[in-house]
J.: 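If you scroll down you'll find the structure; I have some questions about it.
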Amino acid sequence: MPFVSSLQPVRGTHDLLFDDVRRHRLIEATAFEIAQRYGYGEIATPVFEFTDVFARTLGDTSDIVTKEMYTFETKGGESVTLRPEGTAGVARAFISGGLAQQTPLKFFYRGPMFRHERPQKGRQRQFQQIGVELLGVATPQADIEVIALADHILSSLALTGTVTLEINSLGDTESRVAYRDVLVKYLTDRQDMLSQESRDRLGRNPLRILDSKDPGDKEAVKDAPLFTDHLNVTSRDFFKTVQDGLAALGIACKVNPALVRGLDYYGHTAFEFTTDALGAQGTVLAGGRYDGLIKQMGGPPTAGIGWAAGVERLAMLLPELEIANRPIAVIPVSDAEAATANIIVSALRHAGFTVDIAFSGNMGKRMTRANKIKATTAIILGGDEVLENAATVRNLDAGAQDKVRQKDLVEYLRKTQP
RNA sequence: GCGGGUGUAGCUCAGUUGGUUAGAGCAUCGGUUUGUGGUACCGAGGGUCGCGGGUUCGAGUCCCGUCACUCGCCCCA
């Protein structure tokens, strides 16, 4: 391979420019600003970890671990993996940093994640997530706060109308084990209706069958016993407190009994904000309670709950951005005024204005150019103005213009710029 | 990983049953004589028709492969 094999970006990766980047930044900045009000501080963990960190936390059977990780061997012979999600890294940092002494802890994170999936709209191989984790609070108050934070962020991004919240309870371990038995028994009786995949899942991950899209599976599951009917008293109270808490805050949500998580350490609250505007990738923000995770990773037993959101998906839902930073255009009438124009441009930029200069063509072209860059104002410099140490300042929206002395320009613009 | 669709100028697309120098709109650049824009008119540049092979006297048009995008499945944010 002499140079690069192709000038295309690697499959599933994308260049982001100008407005795309602005959207990303807007989402991240809004999310973090609000998260701070809720007491969250930012954590930045490495983009790659020892493979074990993900393999152990996500479970050996999950698709992410079995076929979607970017795993490679370092020169030292260690197996490392580009992070496919954010929670594992935060949990690892929590343990290796000895932070268990300081709970409760509230983390906000953002950054790229990597998954070797088939690309689709709203699904790329390198993608951006923002997320929060709240560690060390086992009461439903944590669940309420974390969901309220998500809702707050989404509404600040003007997405309240395009997104709906679904919620479910996976109960505590006792409830889950009990329900799992009931469900497996029920589905085993109807095995012939199930898809091949679901028959495989029956043994290792039966809850997943509940949200299958296969028609046969759907039919088989239609009258299946509901998880919500098999919660023990503790779990039911917990779930009710969460729901009441959300209702009290005016946060609408729909209980979806088919909303499940595959992994063992998930329990109690699971929730998703979804949209129907993005085709098959409708989940925009999702999370849940994972009280078993830290302990499973080798840390002290620590309750935890959190969520993650896909920045690209949010960006696609965002309304059109307003034009940022309309510039002032400086227009020398001919090359003879270029030197003076440069001095003025520099002075205005140092004074804090956004300034562009039209470099070539006759005046008409230069004015056209000023329009194209959405300039608010044109500062016209011709032979006459230069002789008088003045400039013609034209308001491009209103069409009116004044002659202003060059040394008064900054003051004049301070008064007239929006 | 599986199945369907698409791939022609920077962008959106047209391209007739395979047949002469591959088109349009928008965008870009230049001009419409002397210092004023968002209109109008004239003109120019820009494409080895995703890439590679094959069929044919001849392929953007047919066949095969490949890559990318896209929709659904899977998985998930």
Side-chain angles (χ1 to χ4, degrees), chain A residues 5-14 27 58 61-69 84-87 110-131 150 163 195-198 200-201 205 208 211-215 217 259-263 272-275 278-288 306-317 329 331-334 336-337 358 360-386 392-401:
Chain A
S5 57
S6 158
L7 291 177
Q8 285 174 328
V10 172
R11 187 166 158 83
T13 68
H14 292 282
I27 290 163
L58 296 171
T61 58
S62 77
D63 275 23
I64 291 179
V65 170
T66 52
K67 43 197 188 202
E68 293 177 0
M69 295 205 306
E85 57 93 41
T87 304
R110 59 180 127 191
M113 307 294 164
F114 304 84
R115 265 130 73 168
H116 192 105
E117 298 181 281
R118 176 104 169 224
Q120 229 175 94
K121 181 163 69 163
R123 186 169 86 183
Q124 32 279 120
R125 289 182 173 182
Q126 175 177 340
F127 61 101
Q128 212 67 19
Q129 277 191 343
I130 52 176
V163 130
S195 64
Q196 186 54 50
E197 274 161 356
S198 288
D200 294 344
R201 282 191 285 215
N205 205 347
R208 271 262 159 242
D211 64 357
S212 169
K213 287 178 192 161
D214 179 86
D217 291 351
L259 204 173
V260 295
R261 292 284 117 96
L263 312 176
E272 288 185 7
F273 286 85
T274 60
T275 174
L278 295 178
Q281 275 64 241
T283 302
V284 136
L285 183 153
W307 52 255
V311 176
E312 285 83 356
R313 291 181 185 180
L314 290 171
M316 286 189 283
L317 297 176
I331 300 181
V333 169
S334 72
E337 293 82 28
S360 70
N362 61 29
M363 253 210 88
K365 290 294 173 196
R366 294 186 200 214
M367 289 297 282
T368 305
R369 174 142 218 94
N371 268 315
K372 291 253 165 65
I373 62 177
K374 307 271 193 333
T376 57
T377 306
I379 296 179
I380 299 163
L381 279 169
D384 301 347
E385 284 89 346
V386 171
T392 298
V393 181
R394 182 176 179 86
N395 179 322
L396 290 174
D397 292 330
Q401 60 188 44

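All heavy atoms count here, side chains included; hydrogens, waters and symmetry mates do not. Proteins come first, then strands; the chains are lettered A, B, ... in the order of their sequence lines, and each starts at number 1.
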J.: What integer distance in Å separates A:His116:NE2 from B:C74:C1'?
T.: 14 Å

J.: Take atom P in B:G50 and the same atom in B:U33, then report the distance between them in whole Å.
T.: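 About 43 Å, rounded to a whole number of Å.
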
J.: A:Arg118 CZ to B:C67 C1': how many Å, rounded?
T.: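 Computing the A:Arg118:CZ to B:C67:C1' distance gives 12 Å.
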
J.: Identify the nucleotide, in any strand shown, that forms a Watson-Crick or G-U wobble pair with B:G60, with both distances under 3.5 Å; if there is none, say none.
T.: none

J.: Please confirm whether the backbone N or O of A:Gly12 pairs with a side-chain atom of A:Gln126, one donor and one acceptor, at under 3.5 Å?
T.: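 Not confirmed, A:Gln126 side chain does not pair with A:Gly12 backbone.
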
J.: To the side chain of A:Ala308, which of B:U36, B:A77, B:G38 is closest?
T.: B:A77

J.: Given atom CD of A:Gln124 and atom C1' of B:U70, what is their separation to the nearest angstrom?
T.: 13 Å

J.: Using the C1' atom as the point on both nucleotides, what is the distance between B:U16 and B:U48, in whole Å?
T.: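 Each nucleotide's C1' atom is 24 Å from the other's.
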
J.: Measure from CD on A:Glu68 to P on B:C75 and round the result to the nearest Å.
T.: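 Answer to the nearest Å: 10 Å.
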
J.: At under 4.0 Å between heavy atoms, what does A:Leu396 touch on the DNA or RNA strands: base, sugar-phosphate, or nothing?
T.: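 Since a base atom lies under 4.0 Å of A:Leu396, the category is base.
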
J.: For A:Gly131, report the nucleic acid contact type (base, sugar-phosphate, nothing); a contact means any heavy atom under 4.0 Å.
T.: nothing

J.: Nearest whole Å is fine: how far is B:U70 P from A:His14 NE2?
T.: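 Between P of B:U70 and NE2 of A:His14: 6 Å.
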
J.: Taking the side chain as C-beta and beyond, is there a heavy-atom pair between A:His14 and A:Pro9 under 4.5 Å?
T.: no

J.: Using the closest heavy atom to pick a nucleotide of RNA chain B for each, name whichever of A:Glu117 or A:Met363 lands nearer the 5' end.
T.: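 Per heavy-atom nearest nucleotide, the more 5' residue is A:Met363.
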
J.: Determine the minimum heavy-atom distance between A:Thr13 and A:Val10, stating which atoms define it.
T.: OG1-O, 2.6 Å

J.: Without decimals, in angstroms, what is the distance between A:Lys121 NZ and B:A68 P?
T.: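 Atom-to-atom, A:Lys121 to B:A68, this comes out as 20 Å.
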
J.: Provide the distance between the two C1' atoms, one in B:G18 and one in B:U55, to the nearest whole Å.
T.: 11 Å

J.: Going by purine N1 to pyrimidine N3 plus the second Watson-Crick contact, or the G-U wobble pair, all under 3.5 Å, which nucleotide sits opposite B:G65?
T.: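 Partner of B:G65: B:C51.
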
J.: Given B:U28, is OP1 or OP2 found less than 4.0 Å from the side-chain N or O atoms of A:Lys372?
T.: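 Yes, A:Lys372 has a side-chain N/O under 4.0 Å of OP1/OP2 on B:U28.
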
J.: Taking atom C1' in both B:G23 and B:C62, compute the distance separating them and give it to the nearest angstrom.
T.: 23 Å

J.: With nearest nucleotide decided by heavy atoms, which residue, A:Gln129 or A:Arg123, maps closer to the 5′ end of RNA chain B?
T.: A:Arg123

J.: Name the nucleic acid region contacted by A:Gln120, choosing base, sugar-phosphate or nothing; use a 4.0 angstrom heavy-atom cut-off, strictly under.
T.: base

J.: Any donor-acceptor pair, under 3.5 Å, between the side chain of A:Glu337 and the base of B:G35, if you only look at N and O atoms?
T.: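 Absent.
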
J.: Suppose we define a pair by two distances each less than 3.5 Å, Watson-Crick or G-U wobble; what does B:C29 pair with here?
T.: B:G43

J.: Side-chain contact, heavy-atom cut-off 4.5 Å: A:Thr274 with A:Thr283?
T.: yes

J.: Choose from B:C69, B:G3, B:C76 the nucleotide whose nearest atom is closest to any side-chain atom of A:Pro119.
T.: B:C69

J.: Quantified in whole Å, what is the C1' atom distance between nucleotide B:U8 and nucleotide B:G4?
T.: 23 Å

J.: Using a cut-off of less than 4.0 Å, is there contact between a side-chain N or O of A:Gln401 and OP1 or OP2 of B:U36?
T.: no

J.: For a quick test of reading the model: is some side-chain N or O of A:Arg11 closer than 4.0 Å to OP1 or OP2 of B:C69?
T.: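 A:Arg11 to B:C69 OP1/OP2: side-chain N or O found under 4.0 Å.
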
J.: Given A:Arg313, which partner from the list A:Thr275, A:Leu278, A:Leu285 fulfils the side-chain contact (heavy atoms from CB on, under 4.5 Å) test?
T.: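 In the set A:Thr275, A:Leu278, A:Leu285, the residue that makes a side-chain contact (heavy atoms from CB on, under 4.5 Å) with A:Arg313 is A:Leu278.
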
J.: Classify A:Arg369 by what it touches in the nucleic acid, base, sugar-phosphate, or nothing, heavy-atom distance under 4.0 Å.
T.: sugar-phosphate

J.: How close or far is atom P of B:G35 from atom CG of A:Asp384, stated in whole angstroms?
T.: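 One finds 10 Å between P of B:G35 and CG of A:Asp384, rounded.
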
J.: Who is the Watson-Crick or G-U wobble partner of B:G72, with both distances under 3.5 Å?
T.: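 Per the H-bond distance test, B:C2.
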
J.: Side-chain contact, heavy-atom cut-off 4.5 Å: A:Met316 with A:Lys121?
T.: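 They are in side-chain contact.
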
J.: Side chain of A:Arg313 only, please: which of B:G37, B:C76, B:G35 is the nearest?
T.: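 Looking only at side-chain atoms, A:Arg313 lies closest to B:C76.
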
J.: Would you say the side-chain atoms of A:Arg394 pair up with the backbone N or O of A:Gln401, donor to acceptor, closer than 3.5 Å?
T.: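 Absent.
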
J.: To the nearest Å, how far apart are A:Glu312 CD and B:U70 P?
T.: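 The distance from CD of A:Glu312 to P of B:U70 comes to 12 Å, rounded to the nearest Å.
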
J.: Pick base, sugar-phosphate or nothing for A:Arg115, based on heavy-atom distances below 4.0 Å to the nucleic acid.
T.: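 Base, at least one base heavy atom under 4.0 Å.
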
J.: Is there a Watson-Crick or G-U wobble partner for B:A14 with both distances under 3.5 Å, and which nucleotide is it?
T.: none

J.: Please name the nucleotide paired to B:G35 by Watson-Crick or G-U wobble geometry with both distances under 3.5 Å, or report none.
T.: none

J.: Verify the contact: side-chain N or O of A:Lys365 to OP1 or OP2 of B:G30, cut-off strictly under 4.0 Å; return yes or no.
T.: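 Looking at the OP1 and OP2 atoms of B:G30, neither is under 4.0 Å from any side-chain N or O of A:Lys365.
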
J.: For atom P, what is the distance between B:G15 and B:U32, given to the nearest Å?
T.: 39 Å

J.: Quantified in whole Å, what is the P atom distance between nucleotide B:U17 and nucleotide B:C13?
T.: 22 Å

J.: Considering only the P atoms, how many Å lie between B:G65 and B:U6, rounded to the nearest integer?
T.: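 Per the computed distance, 15 Å lies between those P atoms.
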
J.: Quick one: closest heavy-atom pair of A:Ile380 and A:Met363, and the distance?
T.: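 Heavy-atom minimum between the residues: CG2-CE, 3.9 Å.
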
J.: How is A:Gly282 classified with respect to the nucleic acid when contacts are heavy atoms under 4.0 Å: base, sugar-phosphate, or nothing?
T.: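 Since no nucleic acid heavy atom lies under 4.0 Å of A:Gly282, the category is nothing.
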
